[in-house]
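These notes concern the structure reproduced below.
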2 protein chains.
Amino acid sequence: MKNKYFSVLPIGGVEEIGSNMTMIRSTDEDIIIDCGMLFPYEECFDINYLIPDFSLLDAARVKNIIITHGHEDHIGALGHLLKAFPDLTVWVTPFTLHLIQRKLEEHKISMNYQVYKPGQELSFKNVDVTPVHVNHSIPETSGLIVRSKGREWGALYISDFKVDLASKHELPIDFTTIKQKLTECTQTAYFIDSTNVIYDGKTTSENELHADLEHLMNRPENRLFITLFASNVHRMNAIAKMAKASGRKIVVMGRSLWTYMEAARESGHTEITADDLFMADQVRGQSGKMLIFLSGCQGDFLSALRRFSFGEDGSFKPIPGDVVIFSSKVIPGNEKKIYRIYNKLTQFGAEIVTAYDHLIHASGHPGKEDLKLLLNNFKPNFYIPIHGESYMLRKHAEFVRENYPQISTHVIHNYQEVILGDGMIKVEDHPVKEPRLIHGKSLEIEKTQISQRRKMATQGAVFISYHRTIGHMEVTTVGLPLMAQEHMELLKKRLLKQINSDLSSRDETYFKDQLKISSRQFYNNLLGYKPVTEVHLY
Amino acid sequence: MKNKYFSVLPIGGVEEIGSNMTMIRSTDEDIIIDCGMLFPYEECFDINYLIPDFSLLDAARVKNIIITHGHEDHIGALGHLLKAFPDLTVWVTPFTLHLIQRKLEEHKISMNYQVYKPGQELSFKNVDVTPVHVNHSIPETSGLIVRSKGREWGALYISDFKVDLASKHELPIDFTTIKQKLTECTQTAYFIDSTNVIYDGKTTSENELHADLEHLMNRPENRLFITLFASNVHRMNAIAKMAKASGRKIVVMGRSLWTYMEAARESGHTEITADDLFMADQVRGQSGKMLIFLSGCQGDFLSALRRFSFGEDGSFKPIPGDVVIFSSKVIPGNEKKIYRIYNKLTQFGAEIVTAYDHLIHASGHPGKEDLKLLLNNFKPNFYIPIHGESYMLRKHAEFVRENYPQISTHVIHNYQEVILGDGMIKVEDHPVKEPRLIHGKSLEIEKTQISQRRKMATQGAVFISYHRTIGHMEVTTVGLPLMAQEHMELLKKRLLKQINSDLSSRDETYFKDQLKISSRQFYNNLLGYKPVTEVHLY
């Protein structure tokens, strides 16, 4: 390849949903797009999250990061990045800036930033980047048009979007700028969202939900509860306006909802003022018509929704006549948690209303018909699906190949660099770095240690200590059936017998190992599994 | 209530899906329907299952159990029941008998049984029970018509069914017998499946899948893989016949598939003979056209599907050109496991085909249109939704009330006894007994112990021992980040300092407690959480 103009190198978000992070590399500098978190497949009770590995980043070359929007899978690892690269300039829009600053303040991390406007051309050493407005499920989402200085190459990078041409909340996706900017380029490539490609149709517009939401807000019951993704500020704003119009007091339960509403107010995305909103304890014991927003539509452990549903909230407990509206979908993996909430609410006599009953949720990602609208606006020479599980990327590529055979389509994975050269692209492999697992005080925890924890969760633990001089033994079990504790004296007897006949003269390591083996064998005969066992010897 | 004819008392399966078990109670005896297992909501890595509590069962009154069909949520706890009540007579059909015997033999449990035929009237002391054939996703599924001797009352109990009027595999649901037997009764009640009531339409017939399955079997690729619920013998039989007709060798991977096919052969539900089926190692290295059945469509840890998809099977590894067909749905809670399999297969270059792409899966449960067909055949006086989560039961009742206001509809939960008296029903509460958690060698494990395990999984464990005479301390951590292990010397130093200044003269309990508190505090400062901590003192 003679000339390389720039390249696109995803280090997260391709073949998985989450931890989105991509490098735009050119001769003199690397620009980062987004820095998100991911929840692991092999769960450990929701306590961990994953962040991309940063070892490919070189502080001498990486000076800028552009944030496309404020979802956690795009900003959730930014604090970790800024700790490692404190001099980065973060390019961001006002709403997203508010969200990021709020999080960074909690962790006492400072940040250099620049606010960008959609349509504004950001000029870097070898490329110009034009953020373009796209529709999604959070305000201020951008796609990025990256172009070489000589316009030999132009790439459109949209990790999250849908086409919402008639939204009342925001402008439609800016097809005009996309077409205009890319038409100026000799060669073009698309890097496009695959999340919803399985869906054949056109993704529902936010507007289409209004009829059913309004119908629900006008129900006669005094207490309506509603849960939704906290970041869907446009929907929350629309619902709050409807509730206000129908004479309801608006109550907001859950910190995340307050945060997003505050960000929305400060950046002009809502007409709802602080005076319109009440905290739960401000209206405790009041009757009259209310709409109560609940955070935690995925059933998260400490959320307002879960607390309320389980009857554990101090201000509101479910009672017959309550209506609880789920203006959301179930993210795969959360089904059981959410069904449990449905059950609890029903058992308290509350009625639940979901997107099965009414048109009250719309995806933020493109179905096949949305993709067609994008491609009919402007057809690139090359097409690379991103932002999706492996099988979605493949389905996405198959769809494009079938419908647009003139476009050259490539399926890549994380750590494959797409190099844009003269009239062609080249895909180059980098060694794959596994994402890092974070737990507790933003600390990394190794996979081997998680595997130890999993063993204790599935098999319990046994602690044995033995004092050789006085011949005394103590045994503690954690997480074993009570019947196993009743057998503990038998275990001790066996181990002491073994010590007397076999071990008394042996060295410490052998002694400890044998006690461990015998104890695990004992419990395996009794229970059918071998607990994690640790031995101390004196 | 003057006269009580009999009552229906569910002790599992109502307000949850799984562990189905119901008592039919009358003056002189109690008859049991089914005895199934349930997987818990709060998971512990898939190692546990729940069984109903048997303490309401009285050996003097309980002599008979009738099994409606062979799914695990109906037979999975039978072994536990027979251990406690070895003299029970188990009423069963041939296919289900084969499945049960196979399981009991493994656990060396014997069983008295009687084989029943659909339509046959089983006469007990106070009631007659007529099993009627219904359609479902496993052969030989029955509903039960329970009638008092004087025909004052008749109840139809169908925990699992769909209406498949044109099945090529089996007779349609026996509406005639239902109508005839219940018409003879003065009062009638329905106890009906709620699993799929959220679905407005008519559940797809197995036949409707054949066109797409046949299309897939005729694809040009040599290696087709297919996974499905092993118990769906009719579908497996249909697919095998198609594959045979298209000149494919049929390979079966996974024990459960062999078991069900054997049961199907012995009870006349398949034309596929043992000679038609090959084990994976019989065809290892062969080329030519094949259809390979894989067990484990839910991504189960040790299944053939998972082993194959991860490239860990000795006989078959995924290669580009392979087609892997999922003739199944994702059971809620298994999404992440299955998406991971989709990804792995795609990364190996295999193509995956799911029910999103073709009509290749049908539910075994009734949508609203199925329920209408049942109710249009015969309308009872009373209606009680069963077999479903709480919110499904409520939606089910709302549907019946809206469409059949003349029927009296009651939502109950487990341990509510529905007493059928003269012209009325009465619901009586019994103290709710929590299901029992089983782990390892079919042993019960207490919830408190599972909670200990969860703590170790989320926070790790620390084991401390201290020898007062020699002043020596040992500390072992399990499942803590490696950086925490580096700080262990500091912890020891702190604890020893505390011992010298504070603890040396204190009693053992206080001493141990203080060490525990200090250690947990130390790790909380370091990591942000407190590990489970045990202390031994000498």
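When reading the values below, keep in mind they use all heavy atoms of this one structure, side chains included, and skip hydrogens, waters and symmetry mates. Every chain is numbered from 1, with letters handed out A, B, ... down the list of sequences.
There is a side-chain donor-acceptor pair under 3.5 Å between B:Tyr538 and A:Ser465. Between the side chains of B:His536 and A:His536, no donor N or O sits under 3.5 Å from an acceptor N or O.
When heavy atoms are compared at a cutoff of 4.5 Å, A:Leu437 does not approach chain B at all. Proximity to chain B is limited to the side chain of A:Val532, based on heavy atoms less than 4.5 angstrom apart. Looking at A:Lys344, neither its backbone nor its side chain comes within 4.5 Å of chain B, counting heavy atoms on both sides. No part of A:Ile331 comes within reach of chain B, as not one of its non-hydrogen atoms sits under 4.5 angstrom from that chain. Contact annotation for A:Ala350: only backbone heavy atoms (N, CA, C, O) come within less than 4.5 Å of a heavy atom of chain B. Contacts between A:Leu443 and chain B at a heavy-atom distance below 4.5 Å involve the side chain alone, from C-beta outward. Within the 4.5 angstrom heavy-atom criterion, no atom of A:Asp200 approaches chain B. At a 4.5 Å heavy-atom cutoff, the contact between B:Glu351 and chain A is made by backbone and side-chain atoms alike. Heavy atoms closer than 4.5 Å to chain B are found in both the backbone and the side chain of A:Phe463.
Taking each heavy atom of A:Val478 and B:Met456 in turn, the nearest pair found is O-CE, 3.6 Å. Taking all atoms of both residues into account, the shortest heavy-atom contact from B:Asn343 to A:Ser390 is OD1-N, 2.7 Å.
B:Lys441 is not listed as a side-chain neighbour of A:Tyr529, based on a closest heavy-atom distance of 4.5 Å or more.
Remark: aromatic rings of A:Tyr199 and B:Tyr356 are distant, center separation not under 6.0 Å.
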